[in-house]
Amino acid sequence: MTKPVCLVTGGATERMFGRLAEMFDVIRAQGVTDAVLDAHGDRIEYLLSMYHGGVSGAMMERMPNLKAISNYGVGYDAIDTPAAVARGIAVTHTPDVLNDEVANTAVLLMLAVARNFLADNAYLKAGRWAAEGEAPLSRSVRGMTVGILGLGRIGLAIAEKLRVFGVEVVYHARTQKDAPYRYYADLTEMARDADILIVITPGGAATRHLVNRQVMDALGPDGILINVARGSVVDEAELVNALQDGRLGYAGLDVFENEPHVPQALIGMDNVTLLPHVGSATVETRQAMGDLAVSNLTTFHATGKAVTPVPECRDL
Ligand code: A2R
C-alpha cells in the first residue's frame, strides 16, 4: 500500500525520520521551496515544519491535499494559521515540553546580566584579573521586582523558578490569571515599577513591538530587559537607541527581529548579553519536542485528532 507523503523542512533527527518513515513516504527539504512544490505539491498530505521560514497561505494553496502542519516549537507565528484554518488544515505545536528549559534560559540570562558574568569571564580570560585587579562589582537581584510579560505556560515556570531568588514577581498579560502574583493591566505601569522585565509572550502581529520606547523608558537607566520570546515583541531599533542613550540599563536577548542577523550596535555593547536563540536548545528538550512534533502527525493520521493542536485548530 502506498503511504501518504510527509514533507519535512529543516533539520529533523534520524530518530524523527525513523518514526515518520513507518507511516509516511518522507520528503526532506530545507524549506517549502518552489522546487519542492513543483515536484511534489499535489502529493503532500502532511508537513513537519522545522524551518524558521514557516508556511505561508500561498504555499498551502500549492499543497491542495495538505491535512496537517506540525510545527516544531511552541511559537507558531511563522505558520499562517488563519489561512490553514480556512482550508481545514490542522496546525499543531509543541507546548509544555520546553517550559522548563526556556524558563531556565530566562533565569540564567537574567542572572548573567545582573551579575555581569560573561564580561567577567572575558575579563579573566584576557588576563586582566592578574594585570588590573578585581573585576567591577555587579548587581544583586535580591529585593528587585521582576515583571513578567506573558504569564502563560513558560511565564509561570519562570515565576516559580524565581521564588528562590528573593525577588517580587509581578506580571502583565491581556487578562488577569489565577496566580499569586500582582497583575498590571498596563505594561508601561508595570515597567515603571519593575527592575527587570522578562518577555515571554507569543510572537506575531498582536504582540509586535509591545516593548516600545515608552516601556523601555519606564524600565529606566538601571533596568534590565530579558527577551526569550520572539524578537518581534521588542522594537529592536528603539532598544539600540535606549541602550546607547543610557535610558535603558541592560539587556539579555535570546531572540532578534531578523534572525540570524543581530545588529552590530548590540554586539558592540558591554551591557548586553546575546544568545543565538538557544532557549529550548538542549539535547533532552529538543528530543521531547521532536517526539511530540512527530506524534502530532502520526496520531492525526491514525485518528483524525492531533495530540497538541494550536488553540485555533482545536475544533477541526
Ligand atoms: O494575553 P493573555 O491573557 O492571553 O495571556 C497570554 C500572553 N499574551 C499577551 N500578553 C500581553 N499582550 C498580548 N498581546 C499578549 N498575547 C498573549 O502571553 C499568556 O499569558 C502568554 C502566552 O502564554 P502561552 O500561550 O501559554 O504560551 P507559552 O507556552 O508560555 O509560550 C510563549 C512563547 C511562544 O509563543 C514562543 O514565542 C516563545 O514563548 O517560546
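Counting starts at 1 for both ligands and their atoms, in listed order. The figures that follow rest on heavy atoms only: side chains count, while hydrogens, waters and symmetry mates do not. By convention here, the first residue in the shown sequence is residue 1.
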Using only heavy-atom distances, determine whether the side chains of E101 and T282 contain a donor-acceptor pair under 3.5 Å. yes
Heavy-atom nearest pair, I79 first then M60, reads CG2-CE, 4.3 Å
Using 4.0 Å as the upper bound for N to carboxylate O, is an ion pair formed by R15 and D291? yes
Short side-chain donor-acceptor distance under 3.5 Å, E312 and T81: no
So, is T207 polar-close to ligand 1, with some N/O to N/O distance under 3.5 Å? no
Looking only at protein heavy atoms, what sits closest to atom 22 (C) of ligand 1 is P202 CD, 3.6 Å
closest protein heavy atom to atom 7 (C) of ligand 1 is G150 CA, 3.8 Å
A206 heavy atoms within 4.0 Å reach ligand 1 at atoms 14 (N)
Should you measure from each heavy atom of R230, which atoms of ligand 1 turn up under 4.0 Å away? 36 (C), 37 (O)
For atom 33 (C) of ligand 1, what is the closest protein heavy atom, and at what distance to 0.1 Å? T201 O, 3.4 Å
Which atom of L210 lies closest to which atom of L187, heavy atoms considered: O-CD2, 3.6 Å
Any side-chain donor paired with an acceptor under 3.5 Å for S280 and R286? yes
Return the option from I158, I200, D254 holding the heavy atom at the smallest distance from atom 32 (C) of ligand 1. I200
Minimal non-hydrogen separation, Q244 against A265, with atom names: NE2-CB, 3.9 Å
Just jot down the ligand 1 atoms closer than 4.0 angstrom to any heavy atom of T175, in number order. 2 (P), 3 (O)
Give me the residue, atom name and distance of the protein heavy atom closest to atom 40 (O) of ligand 1. V74 CG1, 3.8 Å
Which residue and atom name correspond to the protein heavy atom nearest atom 10 (N) of ligand 1, and how close is it? A173 CA, 3.5 Å
Which of the listed options, L151, V199, I154, holds the heavy atom that is closest to atom 31 (O) of ligand 1? I154
For N99, is at least one N or O under 3.5 Å away from an N or O on ligand 1? no
Side chain, backbone, both or neither: the part of A229 lying under 4.0 Å from ligand 1 by heavy atom: backbone
Closest to atom 26 (O) of ligand 1 by heavy-atom distance, out of R153, Q176, K177, is R153
Can you pull out the closest protein heavy atom to atom 23 (O) of ligand 1? Residue, atom name and distance to 0.1 Å, please. G152 CA, 3.2 Å
Should L210 be listed as contacting ligand 1, given a heavy-atom distance under 4.0 Å as the test? yes
Between E134 and Y123, do the side chains contain a donor N or O and an acceptor N or O under 3.5 Å apart? no
Please give me the minimum heavy-atom distance between D254 and L109, naming the atom from each residue. N-CD2, 4.1 Å
Run the ring-centre check on Y46 versus F24 and record whether the distance is less than 6.0 Å. yes
Is a side-chain donor-acceptor pair under 3.5 Å present for H172 with Y183? no
Atom 15 (C) of ligand 1 has as its nearest protein heavy atom R174 NE, 3.5 Å
